[in-house]
Amino acid sequence: MRDLLSLSGAWPLRLPHLACTVVAGGLLLASGFVMAAPPDAGPVAQAAPAARAGDDGDVVKWLIRGHEASRKRSYVGTLVVLSANGGMSSSRIWHVCEGSQQAERVESLTGTPRSTFRRNDEVMTFLPELRLARSERRDSFGLFPNLLRVGEATVAGFYGARVLGAQRVAGLDTDVVQVVPKDGMRYGYRLWTEKKSGLVVQLQTLAADGRVLEQAAFSELDMGAPLRMDQLVRMMNNTAGYKVERLEVAKTTGADEGWTLKEPIPGFQPVSCYRRTAPSVSRTVHWIFSDGLATVSLFIEPYGPQPRQESQMAVGVTQMLSQRVAGDWWLTAVGEVPVATLQAFAQSLERRP
């Protein structure tokens, strides 16, 4: 399953400026933000007036502001990720914007050495220990939220927003906003956005009872760093000494691949679907759903001749469920959502005649 998950390219990328790949427990996660408890940064200063949790207009406003800030700002920073079970990882991130073009370099500072470069939808991942470079295209890599795909009304229909106050993070003054889910099919979030730009510099994922399930924060962030896109692109294209493995992706639809959902999952809409192949992975259909914030990926492949063990596990807040479906098919469902949401997808997935 590890090889399969490393091909996903559409793990829930919570924030566009944190559109990085963080390795946690050996699995390739995209921005797996984790912390057992909030940082000791002092009390949150109260803002006046606080927004009502159900105010639909506010949640869209805050999300769009953070999204637009990430598309217009270049920066260098260190992202620290702590897990509820005590694990920790960190990455160094270089992010540059030039007009509508974006490029990024993410260097893993803990765990297995890994460097990931992105230029728009082109992604190159270097694995130094294997002398392997994986090249692929990732549609809308890192775009958060998916408002343009699912519509503002969908997000507002399933989330509200509440302004909590102000706090300093990584030496920056921030506004603190809580995004509140309206049902149990998705998590809540707490965002720290830099006051002037709206750039999100810290994020917590919250359980229904308010517990912090995950957190990621910049330990330091330079929003005025001199960066040039051509420098990152040259590094991305320098594959000397590496075997290059190109991951083939073909756009398709769930219906064209013979799949449907008997019952729609509230709030989640299909946003893309691919056929993916690689030397170490059988032909796999990757069907992606989003509610505008949370994303669920369904990986569907032939069951194969070898017996498989159905399983359910979590890496931080990311839930994974693997089981046999429709007789001779194998499903791996992945998402930063409650496990009940993945179970609902698995129960609703149906093979068309």
Side-chain angles (χ1 to χ4, degrees), residues 10-19 30-31 33 50-72 138-164 174-194 197-208 210 213-216 261 263-273 287-298 317-319 333-338 340-342 344-345 348:
W11 285 66
L13 299 170
R14 294 257 175 250
L15 307 175
H17 71 284
L18 300 183
S31 301
F33 310 146
R52 183 169 58 89
D55 190 338
D56 293 346
D58 281 342
V59 65
V60 172
K61 177 189 72 174
W62 285 105
L63 294 173
I64 289 180
R65 186 168 184 255
H67 174 73
E68 289 301 313
S70 73
R71 296 178 61 85
K72 299 176 181 178
R138 296 181 182 177
D139 187 35
S140 298
F141 183 94
L143 296 186
F144 171 92
N146 281 309
L147 291 174
L148 296 178
R149 292 198 169 193
V150 306
E152 295 180 10
T154 298
V155 175
F158 290 91
Y159 296 93
R162 179 169 58 236
V163 178
L164 300 182
T174 70
D175 294 311
V176 188
V177 181
Q178 187 157 326
V179 178
V180 184
K182 297 181 179 181
D183 63 19
M185 301 295 286
R186 59 213 90 232
Y187 293 132
Y189 308 100
R190 191 175 293 133
L191 309 169
W192 282 254
T193 63
E194 199 268 328
S197 66
L199 195 70
V200 181
V201 299
Q202 182 167 294
L203 171 73
Q204 292 177 343
T205 304
L206 308 174
L213 299 175
E214 291 191 349
Q215 176 180 286
L261 294 181
E263 297 290 339
I265 310 305
F268 287 90
Q269 300 181 25
V271 294
S272 54
C273 188
W287 201 3
I288 305 164
F289 294 79
S290 177
D291 67 358
L293 276 70
T295 303
V296 171
S297 285
L298 305 182
V317 77
T318 301
Q319 300 287 339
V334 182
E336 290 188 359
V337 293
T341 305
L342 296 186
F345 272 98
S348 185

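Please read all numbers here as calculations on a predicted model, not as lab measurements.
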- Name all residues meeting the ring-ring contact (aromatic ring centres under 6.0 Å, His included) criterion together with F158; count only those two or more places apart in sequence or in a different chain, and write none if there are none. none
What are the two closest heavy atoms between [X] and [Y], and how far apart are they?
X    : Y    : result
W62  : A161 : CD1-CB, 4.5 Å
A156 : V60  : CB-CG2, 4.2 Å
Y189 : A294 : OH-CB, 3.9 Å
A333 : L298 : CB-CD2, 3.7 Å
E194 : R65  : O-NH1, 3.9 Å
I265 : S348 : CD1-CB, 4.4 Å

Would you say that [X] contacts [Y] through its side chain, given a criterion of any heavy-atom pair below 4.5 Å between the two side chains?
X    : Y    : value
D291 : M185 : no
L293 : R186 : no
Y187 : P338 : yes
T341 : F268 : yes

- Item | Distance (rounded to the nearest 0.5 Å) between L213 CG and L206 CG | 7.0 Å
- After noting the C-alpha distance and the side-chain angles of T154 and Q269, does the key distance pass the side-chain hydrogen bond (donor to acceptor under 3.5 Å, both in side chains) rule? CA-CA 9 Å; T154 298; Q269 300 181 25; 3.1 Å; yes
- Message: I288 vs T295, test: side chain to side chain contact (heavy atoms under 4.5 Å, CB included). Steps then yes/no.
- Response: CA-CA 7 Å; I288 305 164; T295 303; 3.5 Å; yes
- Query: Yes or no on side chain to side chain contact (heavy atoms under 4.5 Å, CB included) for Y159 and L63, after CA distance, side-chain angles and deciding distance?
  - Reply: CA-CA 11 Å; Y159 296 93; L63 294 173; over 6 Å; no
- Message: Regarding T318 and E336, do their side chains bring together a donor and an acceptor under 3.5 Å, going by distance alone?
- Response: yes
- Message: As a quick check of understanding, evaluate side chain to side chain contact (heavy atoms under 4.5 Å, CB included) for L191 and L203, giving each step before the final call.
- Response: CA-CA 5 Å; L191 309 169; L203 171 73; 3.0 Å; yes
